[in-house]
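Shown next, in structure tokens, is the structure this report addresses.
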Number of protein chains: 2
Amino acid sequence: MAQKESHHEIYKGYNKLYIALDCIIFGFDEGELKLLLIKRNFEPAKGQWSLIGEFMDENESLHEAAYRILYNLTGLKDVYMSQLYSHGDVDRDPGARVISVSYYALINIQNHDAQLVKDNFAHWRPLSKIPPLVFDHSTMVEMALKRLRKEAKVKPIGFELLPPKFTLPQLQSLYEAIYSKTLDKRNFRKNMLSMGLLEKLDEKEKENSKKGAFYYQFNEQKYKELTARGFYFNIVI
Amino acid sequence: MAQKESHHEIYKGYNKLYIALDCIIFGFDEGELKLLLIKRNFEPAKGQWSLIGEFMDENESLHEAAYRILYNLTGLKDVYMSQLYSHGDVDRDPGARVISVSYYALINIQNHDAQLVKDNFAHWRPLSKIPPLVFDHSTMVEMALKRLRKEAKVKPIGFELLPPKFTLPQLQSLYEAIYSKTLDKRNFRKNMLSMGLLEKLDEKEKENSKKGAFYYQFNEQKYKELTARGFYFNIVI
DNA sequence: CCAAAAGTGTTCATCGTACACCCATGT
DNA sequence: ACATGGGTGTACGATGAACACTTTTGG
């Protein structure tokens, strides 16, 4: 504690800055990727579209802040989230010097707390129809999409955007949405199933077709085992 | 300006934090990767090994700060540098709450200003013999190496670590150092030359062999042209 | 019975990988 | 002449890419 004090002394001559944390929250619904955006009802830039973000508190880590913000908006806790980038242009926020750390999250859109979202003036917007955003938030979204496209090829993160049980046509549709590209059904299924990470269930989804499509679920445990032995997830786009 | 004032008012209730910026500086010499580390002669952790870093100033962007720090230590300006990660654990710096943004740099080790390095108590240390580092700096180094390994496969950044003129054996030796792996000479050369990015010079390097090895240089211009047409650098390890 | 989506295999080209010998030259 | 590092080509297996028809069933 004495040491802590002395360090405070040492650092005392230096500036402190505002740090914010912004979240890019992806969902998948109706065959397309969506982002959770808020219509700000507070200054600055009141009434404009924005990512959800808040200022960092002295007593929480970056990860904790990211999960706090996500939780407050969606009621979700166990969610895939990953640090994206730190945005530090001097004038990025016209109001004051604020450095923003961005995180991106992939959530199962079915699970979020719609009431909370509503209370926060937030809305799901299709990625193809994102309105202009405040500050450098559009850049953040671009970077997040780029990152998602990179990661979804080599990590099994796509499943985070789907319910625990999903069909192969749904999964393919998700990948097609991520990469804005139609994929060959046979090659996609062969590729996906050949990794041995999906378990076929004895149950069919019958909303989208008369024949019905079998449900599958991702085997997290098996993925960990294989990874420990040098296996790499890889889906060819 | 009136607006700026009003925004300051709005943000006024929020905390400011210390933000530091740390640089992981890679060089390549004597067949191995090296890092530029400082032996701190200031508190806290005086006498211990550390990355070079400083506190962020209110009036510079993250990139500007990174280049400032690198310049002050090495005298180098036009250098490959890229943001790595932001480290935000509450207790990462035992002295005070400091968030650190890390950048990693690849420099041609021949070009640095040895006197400046000396004045800053900095030393080149082989990656294989990195001493324990202060705070979470060892984590930063690990992350930087991981990133370098990812990037050197798909971007022509290896050349940043070499002089403008280099031989294929030197280039191969660099890749072998990056990946801690011996590579097949024929496959490496075939792969590298097939991209058409290297220009063979009429000059030989004769320090390392009697026969001498031809110098090559990287054609940045051609890389840009090809990239614009959808080409991707790719070297198989 | 028919429309609509689910499911299934094979062929070909490309790319990655393994591998061994000759060349040039300084001593 | 020889030791040392530089330079070169080929064959095989694995992987990615293209491609069309059958199955199921609700209406």
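Per chain, numbering begins at 1; letters A, B, ... match sequence-line order. Just the heavy atoms: all of them, side chains too, but no hydrogens, waters or symmetry mates, feed the values below.
- Proximity of A:Leu73 to A:Leu36: side-chain heavy atoms (C-beta onward) are separated by under 4.5 Å at one or more points.
- Under the 4.5 Å side-chain criterion, counting only non-hydrogen atoms from C-beta, A:Tyr104 is in contact with A:Ser82.
- A distance of 6.0 Å or more separates the ring centres of A:Phe166 and A:Phe218.
- Contact of B:Asn187 with C:dA18 (side chain to base): a donor-acceptor pair of N or O atoms is detected under 3.5 Å.
- Contact of A:Arg189 with C:dA6 (side chain to base): no donor-acceptor pair of N or O atoms is detected under 3.5 Å.
- Between B:Tyr103 and B:His63, the ring centre distance stays below 6.0 Å.
- Residue-to-nucleotide proximity on DNA chain D shows that, of B:Ser209 and A:Asn191, the 5′-proximal contact is made by B:Ser209.
- Atom CZ in B:Phe214 sits about 15 Å away from atom P in C:dC23, given to the nearest Å.
- Taking atom NZ of residue B:Lys211 and atom C1' of nucleotide C:dC21, one finds them 12 Å apart after rounding to whole Å.
- Both B:Lys210 and B:Ala213 lie close to DNA chain D; mapped to their nearest nucleotides by heavy-atom distance, the more 5′-ward contact belongs to B:Lys210.
- One atom, CD of B:Glu207, and another, P of C:dT27, lie 12 Å apart when rounded to the nearest Å.
- When heavy atoms are screened at a 4.0 angstrom cut-off, A:Lys185 is found touching base atoms of the nucleic acid.
- We find that CG of B:Asn208 is positioned 14 Å from C1' of C:dT25, with the value rounded to whole Å.
- The 12-atom threshold is not exceeded at NZ of B:Lys146, counting heavy atoms of other residues, nucleotides or ligands nearer than 6.0 Å.
- Distance, B:Phe188 CZ to D:dG7 C1': 14 Å, rounded to whole Å.
- Atom P of nucleotide D:dG6 and atom NZ of B:Lys200 are separated by 13 Å, given to the nearest angstrom.
- Looking at B:Lys190, its side chain comes within 3.5 Å of the base of D:dT10 through a donor and an acceptor atom.
- When rounded to the nearest whole Å, the span between CG of B:Leu183 and P of C:dG16 equals 14 Å.
- Within the 4.0 angstrom heavy-atom criterion, only backbone atoms of the sugar-phosphate kind lie near B:Lys206; the bases stay farther away.
- Taking atom CZ of A:Arg186 as the reference point, atom P of C:dT11 lies 13 Å away to the nearest angstrom.
- Along DNA chain C, the nucleotide nearest B:Lys204 and the nucleotide nearest B:Asn234 are compared for position; the residue whose nucleotide lies closer to the 5' end is B:Asn234.
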